[in-house]
Amino acid sequence: MKGYDHKKIEKKWQEFWERNKIYTTLDQVPDKDNFFLLVEFPYPSGNLHVGHWYAFAVPDILARTLRMQGKNVLYPIGFDAFGLPAENAAIKNKLNPREWTYGNIAYMKKQIRSMGTSFDWSRELATCDPEYYKWTQWLFLQLHKKGLVYQKDTAVNWCPSCKTVLANEQVIDGKCERCGTEVVQKMMLQWNIKITDYADRLVDDLDELDWPEQIKESQRNWIGRSEGAEIGFETTENDTITVFTTRADTLFGAMYLVLAPEHPWLELALEHTGMLKNEDEIGRYIALSQRKTELERMTDQREKTGVRLEGVEAINPASGEKMPIYVADYVLGHYGTGAIMAVPAHDERDYEFAKKFDLEIRDVIEPLIIRPSGRLDSFRLDEPAQERTATMALVRHWSEDKYMCLRWIKNDVHGFVTGGIEDGEDAIETAKREIEEETGYSSAEYVESLGGRVHVKFYAAVKNVNRFAHFTPLLFRLKDGSRSVVDERESNLHEPVWVDADKVADYLNREDFQLIWRRVRGDRAYTGGGILVNSNSFDGLDSERARAEITAKFGRPKKTYKLRDWIVSRQRYWGVPIPIVHCKKCGTVPVSDDQLPVLLPDIEDYLPSGEGRSPLAKVDSFVNVTCPKCGGEGKRETDTLDTFVDSSWYYLRYTDPKNEKEFASQEKMDAWMPIDLYSGGAEHTTMHVLYSRFWQKALFDMGLVKDAEPYTRRKNRSLILGPDGQKMSKSRGNVIDPDEVVERLGADTVRLYLAFIGPYNEVSNYPWNPDGVVGVRRFLERVTRTSEMVQEKDVQGLQSILHKTIKKVTDDIPLLKFNTAISQMMTFLNAIEKGKTIGREQWKAFVRILAPFAPHLAEELWREGGNENSVHAEAWPAFDEKYLQDETVTIAIQIDGKTRGEVAIPTNSDKDATEKAAHGAIAARLEGREVVRVVVVPKKLVNFVLKSD
RNA sequence: GCCGGGGUGGCGGAAUGGUUUACGCGGAAGACUUAAAAUCUUUGACCCGAAAGGGUUUGUGGGUUCGAAUCCCACCCCCGGCACCA
């Protein structure tokens with residue numbers, strides 16, 4: 001091929017493929033396995049960006065390869081077409097959202113076609129087509145029938161100035177994006193879907209999925225399952241307040257209860273006038289916290305506030321003690337039971353609150369620290385341990401704000417003075433004695449206890465013994481600097497060092513020292529596990545067992561989640577109308593199947609109506625209907641569905657997009673589901689992917705689909721940044737326009753460049769490098785020139801590298817490591833150019849493996865070579881094992897693990913021959929040295945280990 | 001703070017126990033040209049050395065191993081998720 005006119009080639013073959021419908025996918029093809037490759041469908045914003053290319057054109061490489069390898073591949077595309085931007089355009093530029101959207105779709109289709117992707121356009125869908133949203137409505141009603149849909153008063157973002165509900169993305173820093181007014185929370189009746197019913201399965205089923213850990217972990221965090229207990233506390237009003245806790249083991253340390261301001265118990269109590277002595281104050285506090293906007297909550301100093309409920313107390317079921325009850329907004333109404341038992345000694349937040357309100361703090365857990373494995377002093381779990389009662393003494397300087405650390409001379413480690421307590425001695429005496437013995441300081445004076453004991457399991461490497469030590473931490477202060485002489489045995493071991501108070505933490509490398517040090521600094525809340533004290537019959541148990549036993553005796557096990565139900569109501573025009581009729585007599589009534597779809601009417605005025613209702617509320621002909629149940633007067637629901645509902649099932653519709661009787665036929669879903677690979681953006685990990693997993697499970701439970709999980713494999717895509725390494729944005733002026741690059745360098749170049757930029761199976765950020773694109777274009781130009789070098793007979797010298805290249809490309813594509821596949825093809829091209837010739841069959845193999853990457857150019861080269869059929873319908877070339885191994889191999893020669901030379905030997909050399917060759921190659925270096933060991937790794941290296949002198 | 005992922009030339013990256021830096025970009029030198037572009041050839045981690053050669057190097061420090069980017073421990077930094085979630 002002479003010259004490379006990408007414009008001509010690309011246009012020609014795109015038209016040819018389309019005319020011949022070569023990517024129209026049948027549901028079943030004899031002798032072919034189906035493969036469903038899904039990419040997230042785009043929002044029709046009106047213009048394609050580089051990210052779209054990265055999302056569609058790169059997975060297309062996999063689609064094309066799989067087809068050549070004999071799979072029947074479904075690679076569909078559509079448009080996620082409802083949503084706010086269309087409505088904003090309507091309001092701002094007086095455009096009809098429908099026309100705006102379909103106009104954008106038409107334009108973007110043209111752009112997408114320029115990529116040369118193998119999408120099956122016959123299955124195209126748009127969520128705003130009535131033929132599509134009819135089934136969105138139908139499926140919503142199925143969930144409704146199942147009891148998964150309900151209405152609830154829910155807080156929405158409300159702009160008091162625009163008098164409208166705002167979507168979360170319209171709230172910028174707590175302010176309305178349009179007018180800048182501070183957004184407040186307003187309660188409105190909203191449609192919700194009970195996704196929380198599925199929380200456990202959404203977590204547990206992740207284990208079975210072949211997904212990257214990062215994605216699974218994000219979903220787990222988002223769902224936020226935590227396992228604990230519910231415990232009931234009786235009150236002096238003869239009722240019960242139930243709390244949720246993950247630390248039932250600390251029950252004896254629960255000193256007060258805290259209710260969230262929204263807690264229903266408060267509402268009831270306030271109705272009983274006079275029951276709460278300070279009801280005015282409480283009422284004011286509740287009102288104040290309700291008025292807090294999201295903004296305030298976020299920027300709050302998080303200073304603890306609250307009000308005690310005067311005149312009522314709760315009873316600790318374990319200790320029987322009476323305890324005060326507070327209302328405080330550091331407890332969240334929607335999590336757990338909206339009430340907690342506060343254990344100030346073992347929870348940071350309760351500790352802070354107790355300090356502020358001067359409440360009693362009672363230790364019930366003594367820390368137990370076990371040195372982790374993999375260190376010299378790691379506790380040896382399966383060996384017996386010597387128990388030891390000891391003190392730990394913190395010594396303050398007599399005149400400066402410094403504390404004494406002991407530095408162990410041998411390993412330069414810092415700690416505090418410790419010592420075993422002898423029989424008949426008390427801890428204070430022991431500590432004073434040890435301070436003097438170990439450091440010479442003789443004026444130590446006891447200040448205070450640093451709280452209860454601390455238990456440590458470790459291995460005392462010096463004494464060679466496994467220890468279980470029980471330390472009593474004490475604080476001392478020196479009266480002056482007087483010192484006696486220290487015994488040499490002690491002074492050889494360690495020396496005292498005076499450390500500034502704010503630097504001490506940096507010196508300590510042991511957890512128990514760190515812990516005691518925090519106590520000196522006034523942080524006494526210990527949140528870890530340990531051994532129970534002050535807990536009656538539970539004393540001496542470890543936290544874990546105590547948790548189980550206390551839960552069994554005083555409460556019941558309970559799981560709770562951060563995940564909240566899915567609010568699907570939107571007070572918007574451009575969305576799927578919720579197919580519900582409100583009837584005075586019958587309540588909320590689903591629209592019957594034969595009345596679907598509830599069509600979205602054309603309207604003139606897209607502004608929301610004043611009370612925060614959807615613009616649809618102003619359309620009388622839409623609103624006023626007869627009740628489907630009783631035939632009486634009804635009013636249509638005017639909210640529309642969240643667009644995440646539309647996208648929760650679109651993949652099912654791709655299997656059967658034209659079906660007028662069902663959302664998809666069972667047969668067609670069977671043919672394609674579950675999805676083999678779903679590639680998309682990381683931003684959809686927690687919302688869209690989770691919602692659609694839920695949706696699939698709900699349909700599964702209703703018997704409408706056969707898989708409980710929609711996506712066998714999910715990969716998140718990386719981000720393409722601007723050339724400056726920043727996110728592309730108009731304001732930065734670093735946006736790369738793909739249309740311009742395609743015009744200049746061609747679609748094949750853009751595809752190949754994006755595939756080459758980095759591994760597609762990992763998430764990272766890749767800057768667009770304009771020189772890099774040119775480099776890839778250079779590669780394709782060299783390919784066209786190489787096509788002039790084709791001769792009839794295979795070139796023997798190329799066989800080995802050709803087959804290695806076929807193998808590497810074959811292996812890397814399914815792993816989505818397109819970058820290394822391409823680099824191997826480049827290496828092969830370098831080899832062709834070196835010999836300036838290539839055999840016809842060899843060339844044909846190369847063109848075929850290039851075809852998925854550069855489909856237009858490969859098709860041109862293929863036809864030019866006299867082939868009649870499309871290269872994309874050809875079979876993928878096979879590699880021959882016999883060419884993969886070279887006749888000679890270069891092995892490294894090492895001396896003491898350092899590479900000192902190399903030698904080429906026949907590949908099939910045995911160990912002796914390998915060693916001999918290596919020895920011969922560096923004989924001079926080995927002269928006069930004694931070789932104590934020779935390590936031979938066949939085909940890799942020989943390592944001579946010399947006797948050390 | 002908790003959880004997950006990661007840290008390799010000037011840059012994107014390759015190498016998952018065996019010669020660190022494949023492939024590409026940029027840089028340098030040269031060829032062709034009146035010249036430039038394009039193209040081609042050579043070069044290409046750092047330090048010492050005239051060279052031969054030696055030493056250092058995959059965030060830092062330690063360990064295991066004949067041999068570590070890769071395995072183990074501690075720490076530092078970057079990215080992502082969650083976060084007053086009891």
When rounded to the nearest Å, what value does the distance between P atoms of B:U65 and B:G13 take?
35 Å
Measure from CZ on A:Arg564 to C1' on B:A83 and round the result to the nearest Å.
14 Å
Quick one: A:Glu762 CD to B:G12 C1', roughly how many Å, whole number?
13 Å
Quick one: does NZ or CZ of A:Lys304 land under 6.0 Å from the six-membered ring centre of A:Phe353, within 45 degrees of the ring axis?
no
Select base, sugar-phosphate, or nothing to describe what A:Gly336 touches, counting heavy atoms under 4.0 Å on all strands.
nothing
Considering only atom C1', compute the distance from B:C66 to B:U19 and round it to an integer number of Å.
15 Å
Atom CD of A:Gln824 and atom P of B:G24: how far apart are they, to the nearest Å?
11 Å
Given the C1' atoms of B:C40 and B:C32, what is the spacing between them in whole Å?
8 Å
Tell me what A:Arg900 touches on the nucleic acid: a base, only sugar-phosphate, or nothing, going by heavy atoms under 4.0 Å.
sugar-phosphate
Do the ring planes of A:Tyr526 and A:His346 sit parallel (below 30°), tilted (30 to 60°) or perpendicular (above 60°)?
perpendicular
B:G13 C1' sits how many Å from A:Leu816 CG, rounded?
17 Å
In Watson-Crick or G-U wobble terms, with both distances under 3.5 Å, the base opposite B:A74 is B:U60
If you look at every strand shown and take non-hydrogen atoms under 4.0 Å, does A:Asn830 touch a base, only sugar-phosphate, or nothing?
sugar-phosphate
Might you confirm whether atom CZ of A:Arg564 has over 12 heavy atoms from other residues, nucleotides or ligands at distances under 6.0 Å?
no
